[in-house]
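This chain uses plain numbering: 1 for the first residue, then up along the sequence.
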Amino acid sequence: MRVKNLMRNSFFSVFSQIVLIGFGFVSNRVLNLRLGEALVGLNGVVSNIISILSVSELGIATAVVYHLYQALAKQDEREIAGLMNLYRRAYRIFAVAITALGLAVLPFLQLFLKDNPFTTDYVRIIYLLWLLRTVLSYLLSYRRSLLIADQQEYIVSITALFANAVNYSVVIGIVSVTENYVLALSINIVVEAVSNLWISYYVNRRYPFLKTFRRQAVEDGVKKSVFGNIKNIFVVRLANKLLTATDNVIVSGFIGVAFAGLYSNYCLIVNALINIAVALSNSLQPGVGTMFAAKENEQGEGMLRISTFLFFLLAASAGCGVYAGANFFVRDLWLGERYLMDLSVVRSCVVNFYVLVLSLPISVVMGVTGLFERERNIAVISAMLNMLLSLGMVKYWGIFGVLAGTFAAYLVQMCYRIYVFYHVYLGKDMGGYVAEILQYLVLGAAELWLVHTISAPVYGSGGLFRFLLLCLVAAGLPLALNLLFFCRSERLHRIFSMVCHGNKSA
């Protein structure tokens with residue numbers, strides 16, 4: 001594995017996410033204070049609906065990238081070009097399919113927006129702009145997958161950082177001056193399209209054989225394998241979208257669009273950290289995929305355990321930091337007291353965040369090892385469990401019922417993936433890895449309780465300095481305790497060894 005590329009990709013992915021977090025909070029503050037929480041709720045619901053519709057992509061991206069790892073390892077230019085040509089043709093078809101599905105949903109939008117204060121025409125304009133943005137991304141963005149598979153994700157990260165920074169600045173500026181969100185969203189579409197065109201230009205320059213073999217077809221065996229995987233990946237994508245994108249829709253439909261706006265503010269905080277964790281997991285994917293493609297299963301399993309430990313450190317520190325500071329941040333520094341939610345809601349969001357982040361490494365491994373059929377099964381089970389529990393409990397427990405359903409789904413999903421990878425793929429005992437996961441869960445719960453007891457005394461009378469001190473203590477204390485607890489563990493020693501020898505293969 002090219003550790004240097006891994007670290008470079010990780011750095012730029014995380015750096016871009018951190019910068020965009022700052023832009024995101026400023027943008028969301030402007031939307032809340034200038035246009036109201038109902039607009040924030042509407043925007044969140046519409047984007048989630050479009051996200052669910054996007055499963056018509058069928059998962060060909062995952063299937064093609066899985067084969068690109070092997071083609072890149074062999075440096076087979078014809079096969080790489082053939083896979084990208086297949087990718088291009090498929091995405092054109094999917095763009096048409098998403099347009100048709102999106103227009104079919106248009107007449108029923110009001111069903112997802114309880115107590116909606118906006119006119120039907122305004123809601124439809126926002127929805128159609130989001131739909132156009134998604135369709136254009138399918139037509140223009142497929143080439144970035146080749147850079148990601150070739151461990152050049154940092155180029156994608158830098159381009160996305162620039163485009164998103166411009167887009168956030170447009171929203172902040174236009175909404176602050178004119179309160180015209182439709183105009184801001186329209187400009188966002190143009191900026192995103194230009195960035196995707198630049199990526200396409202760069203890929204064509206970097207891989208000139210793509211133009212030479214523009215009509216190259218993939219071999220029948222490869223095509224059969226790709227489309228054989230697609231049927232499983234499609235179900236996985238649909239189920240995962242239902243798992244991750246329906247909470248806001250359920251809250252909006254059963255509790256109210258304004259409440260969904262308040263919840264969206266807290267989701268922005270948690271999702272900012274999730275995006276950092278996902279960026280890290282995505283940067284791991286090409287290197288780990290190369291390991292398993294080369295049948296280096298022992299090294300791959302070792303990387304899984306190391307990366308899970310790293311994600312535990314991240315989840316514990318970030319989760320405790322959010323739990324300690326979220327309400328103080330919302331009330332005193334960001335939006336105001338009327339935007340507060342109960343601390344128990346924050347706790348539930350943090351618990352879900354913790355389990356989700358802890359399961360990211362095993363999720364990456366499931367994707368790069370081609371266990372698509374098994375992943376399909378657990379994705380369906382998790383989505384159904386989440387929907388049934390959330391819909392069954394939202395009437396009685398409100399937002400807590402929705403979050404409890406999501407927690408149960410995440411936990412079941414992680415347990416099943418561990419079982420499949422160890423017993424089915426590796427054919428070895430999973431006891432050691434399960435013991436580590438249980439250890440992380442117990443430590444995380446204890447550290448969350450500890451941070452809960454010190455939050456109010458550390459924050460004291462408030463202010464920016466005391467808030468920063470609270471965040472430093474709440475995030476730093478779990479990290480220090482965990483490093484002390486694991487100071488003699490092989491996991492920590494291997495991480496230090498990788499960092500010190502970053503130019504060598506792991």
Looking at Gly405 and Asn386, what are the two nearest heavy atoms and their distance?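 For Gly405 versus Asn386, the nearest heavy atoms are C-OD1, 3.3 Å.
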Measure across Val40 and Ser264 and return the closest heavy-atom pair with its distance rounded to 0.1 Å.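 Result for this residue pair: CG1-CB, 4.0 Å.
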For the residue pair Tyr422 and Asp429, establish whether any side-chain heavy-atom pair is separated by less than 4.5 Å.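 No, their side chains stay 4.5 Å or more apart.
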Determine whether a donor-acceptor pair (N or O, by modelled atom type, separation under 3.5 Å) exists between the side chain of Ser390 and the backbone of Met387.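 A pair under 3.5 Å: no.
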Can you tell if the side chain of Phe353 reaches within under 4.5 Å of the side chain of Val322, non-hydrogen atoms only?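 Result no, sub-4.5 Å side-chain heavy-atom pair not found.
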List the atom of Asn85, the atom of Arg214, and the distance in Å for their closest heavy-atom pair.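 It is ND2-O, 2.9 Å.
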Nearest non-hydrogen partners of Ser363 and Arg417, listed with the distance: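 Smallest heavy-atom distance, with atoms named: CB-NH1, 3.4 Å.
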Which atoms form the tightest heavy-atom contact between Leu83 and Ala71, and what is the distance?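 Minimum heavy-atom contact is CD1-CB, 4.4 Å.
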Give the minimum heavy-atom separation between Ser195 and Thr159, together with the two atoms involved.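 Smallest interatomic distance, heavy atoms only, reads O-CG2, 3.9 Å.
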Evaluate the side-chain contact (heavy atoms from CB on, under 4.5 Å) criterion for residues Val105 and Leu131: first the C-alpha distance (whole Å), next the side-chain angles of each, then the deciding distance (0.1 Å), finally the verdict. CA-CA 11 Å; Val105 171; Leu131 181 61; over 6 Å; no
Quick one, Leu128 and Leu106 - any side-chain contact, counting heavy atoms below 4.5 Å?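 Yes, their side chains come closer than 4.5 Å.
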If only atom types and distance count, is the side chain of Ser307 paired as donor or acceptor with the main-chain N or O of Leu304 below 3.5 Å?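 Yes; at least one donor-acceptor contact below 3.5 Å.
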Would you say Val365 and Tyr425 make side-chain contact, with heavy atoms under 4.5 Å?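 A side-chain contact under 4.5 Å is absent here.
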Donor-acceptor contact present, side-chain Ser27 to main-chain Phe23, <3.5 Å: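 Flag not set: sc Ser27 to bb Phe23 has no pair under 3.5 Å.
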When the ring planes of Tyr354 and Phe312 are compared, do they come out parallel, tilted or perpendicular, using 30° and 60° as the limits?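 Ring orientation of Tyr354 relative to Phe312: perpendicular.
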Would you say Leu146 and Arg206 make side-chain contact, with heavy atoms under 4.5 Å?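 Heavy-atom side-chain distance check fails, nothing below 4.5 Å.
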Fit a plane to each ring of Phe209 and Phe213, take the angle between them on a 0 to 90° scale, and name the class: parallel (under 30°), tilted (30 to 60°) or perpendicular (over 60°).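 Tilted.
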Just wondering, do Tyr168 and Val30 contact through their side chains at under 4.5 Å, heavy atoms?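 Sidechains of Tyr168 and Val30: no contact.
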What do you reckon, is CZ of Arg374 surrounded by more than 12 foreign heavy atoms closer than 6.0 Å?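 Atom CZ in Arg374 is not crowded, with 12 or fewer foreign heavy atoms closer than 6.0 Å.
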Verify, without hydrogens or angle tests, whether Asn271 (side chain) and Cys267 (backbone) share a donor-acceptor contact under 3.5 angstrom.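 Yes.
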Side-chain (Ser382) to main-chain (Ile378) donor-acceptor, under 3.5 angstrom: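 Between the backbone of Ile378 and the side chain of Ser382 there is a qualifying donor-acceptor contact (under 3.5 Å).
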Side chains of Lys211 and Asn204 in contact at under 4.5 Å (non-hydrogen atoms):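 They are not in contact (no side-chain heavy atoms under 4.5 Å apart), so the answer is no.
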Looking just at side-chain N and O atoms, do Glu77 and Tyr207 make a donor-acceptor pair shorter than 3.5 Å?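 Result is no, nothing qualifies.
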Using a 4.5 Å cut-off on heavy atoms from C-beta on, say whether the side chain of Asn188 contacts that of Arg133.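 Arg133 vs Asn188: side chains touch.
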Compute whether any side-chain donor of one residue and acceptor of the other, for Tyr440 and Thr308, lie under 3.5 angstrom apart.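 Looking only at side-chain atoms, Thr308 and Tyr440 do not form any donor-acceptor pair under 3.5 Å.
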Taking Tyr202 for its side chain and Val156 for its backbone only, find out whether a donor-acceptor pair lies under 3.5 Å.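 Checked: no pair found.
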Does atom CD (Glu179) have a neighbourhood of more than 12 heavy atoms from anything else shown, all under 6.0 Å?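 Atom CD in Glu179 is crowded, with more than 12 foreign heavy atoms closer than 6.0 Å.
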